[in-house]
Amino acid sequence: MEAMALAVAEARAAAGRGEVPVGAVVLGPDGAVLARAGNATEAARDASAHAELLALRAAAQATGAPRLPGCDLVVTLEPCPMCAAAIGLFRIRRLVFGAYDPKGGGVEHGPRVYAAPGAQHRPEVVGGVREAECAMLLRTFFAALRG
């Protein structure tokens with residue numbers, strides 16, 4: 001299954017648990033899935049339990065390495081500044097994301113973490129993959145919350 005489809009499945013599962021529907025998948029250098037996760041901030045009672053961080057941590061555990069050079073991260077929403085910084089720390093080769101996040105994003109919006117002069121790592125960034133589908137997941141989730 002295509003990596004973004006796996007990330008979307010994780011996002012849908014997160015929504016089913018009452019979490020903001022964001023899903024992430026880490027692919028190894030050979031394209032194999034190393035880890036996948038959905039948001040878990042409510043269940044974990046942890047504001048940092050974003051899908052990206054959970055997937056990156058799980059991939060690092062799986063490989064036994066603190067960094068993931070040569071690996072790709074696929075996520076349904078443009079990462080926030082916290083996650084963008086973590087992606088740099090993990091030395092991810094390529095970041096692929098679905099929906100853009102003009103309000104809370106940290107890659108193409110907001111602080112543009114990788115464009116900062118002090119950025120120590122700049123992954124290749126591909127945005128807008130299955131953008132409409134990923135954005136619809138979020139819109140539907142928040143519309144339901146608002147009733």
Side-chain angles (χ1 to χ4, degrees), residues 1-44 46-115 119 121-145:
M1 183 180 274
E2 179 233 350
M4 186 58 83
L6 293 173
V8 167
E10 289 293 333
R12 289 185 196 284
R17 297 187 305 270
E19 303 280 355
V20 174
V22 177
V25 175
V26 178
L27 303 173
D30 62 354
V33 174
L34 295 177
R36 50 194 280 188
N39 272 358
T41 58
E42 300 301 324
D46 178 356
S48 72
H50 291 195
E52 300 95 310
L53 285 178
L54 297 174
L56 289 166
R57 289 172 181 156
Q61 287 290 341
T63 63
R67 283 169 284 289
L68 301 166
C71 294
D72 299 341
L73 176 68
V74 179
V75 61
T76 57
L77 180 65
E78 176 185 348
C80 71
M82 173 185 71
C83 290
I87 290 162
L89 291 173
F90 276 96
R91 302 294 190 259
I92 289 296
R93 174 182 61 180
R94 179 181 302 117
L95 164 65
V96 177
F97 68 85
Y100 289 87
D101 189 357
K103 188 172 165 183
V107 177
E108 299 289 333
H109 297 89
R112 299 176 189 251
V113 171
Y114 309 127
H121 179 74
R122 293 178 175 88
E124 176 187 342
V125 176
V126 179
V129 176
R130 294 175 73 163
E131 178 181 6
E133 179 182 13
C134 293
M136 183 58 73
L137 282 171
L138 290 157
R139 277 195 298 276
T140 302
F141 176 81
F142 286 112
L145 277 184

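Computed from a predicted structure; not experimentally measured. Residue indices begin at 1 and follow the sequence shown. Every heavy atom of this structure was used, including side-chain atoms; hydrogens, water molecules and symmetry mates were not.
Side-chain contact between Asp72 and Val96: absent, with no pair of heavy atoms (C-beta onward) separated by less than 4.5 Å. Side-chain contact check for Val33 versus Leu27: some heavy-atom pair is nearer than 4.5 Å. Using a 4.5 Å heavy-atom cutoff, the side chains of Thr76 and Met4 are in contact.
Here the CG atom belonging to Leu145 is positioned 11.5 Å from the OG1 atom belonging to Thr140, to the nearest 0.5 angstrom. Rounded to the nearest 0.5 angstrom, Tyr114 OH and His121 NE2 are separated by 7.5 Å. With rounding to the nearest 0.5 Å, the separation of CG in Leu68 from CG in Leu89 is 11.5 Å.
Counted within 6.0 Å of CZ on Arg17, heavy atoms from surrounding residues, nucleotides or ligands total more than 12; the atom is thus considered enclosed.
Nearest heavy-atom pair across Ala15 and Phe141 is CB-CD1, 4.1 Å. Considering every non-hydrogen atom in both Glu10 and Gly38, the closest pair reads OE1-N, 3.5 Å. Here the closest non-hydrogen pair linking Leu95 and Pro123 is N-CB, 4.4 Å. Listed here is the closest heavy atom pair of Cys71 and Pro29: SG-CD, 3.8 Å. When all heavy atoms of Val107 and Glu78 are compared, the closest pair comes out as N-OE2, 3.1 Å. In terms of heavy-atom proximity, Gly105 sits nearest to Pro111 at O-CD, 3.8 Å.
Checked options Leu77, Val22, Val20, Val8; the residue passing with Leu137 is Val8 (criterion: side chain to side chain contact (heavy atoms under 4.5 Å, CB included)).
A donor-acceptor pair is defined here as one N or O able to donate and one able to accept, closer than 3.5 Å; no such pair exists between the side chain of Arg91 and the backbone of Pro69. Using a distance-only test at 3.5 Å, with no hydrogens or angles considered, no donor-acceptor pair links the side chain of Glu52 to the main chain of Ala84. No donor-acceptor pair under 3.5 Å is formed between the side chain of Asn39 and the backbone N or O of Pro21.
In this structure Arg12 satisfies the salt bridge (charged side-chain N to carboxylate O under 4.0 Å, His left out) test together with Glu133, sequence neighbours excluded.
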Exercise. Starting from the C-alpha separation in whole Å, work towards a yes-or-no answer on side-chain contact (heavy atoms from CB on, under 4.5 Å) for Glu2 and Val74.
Key: CA-CA 10 Å; Glu2 179 233 350; Val74 179; over 6 Å; no
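Listed by first and then second residue, the salt bridge (charged side-chain N to carboxylate O under 4.0 Å, His left out) pairs that reach into residues 96-113 come to none, sequence neighbours excluded.
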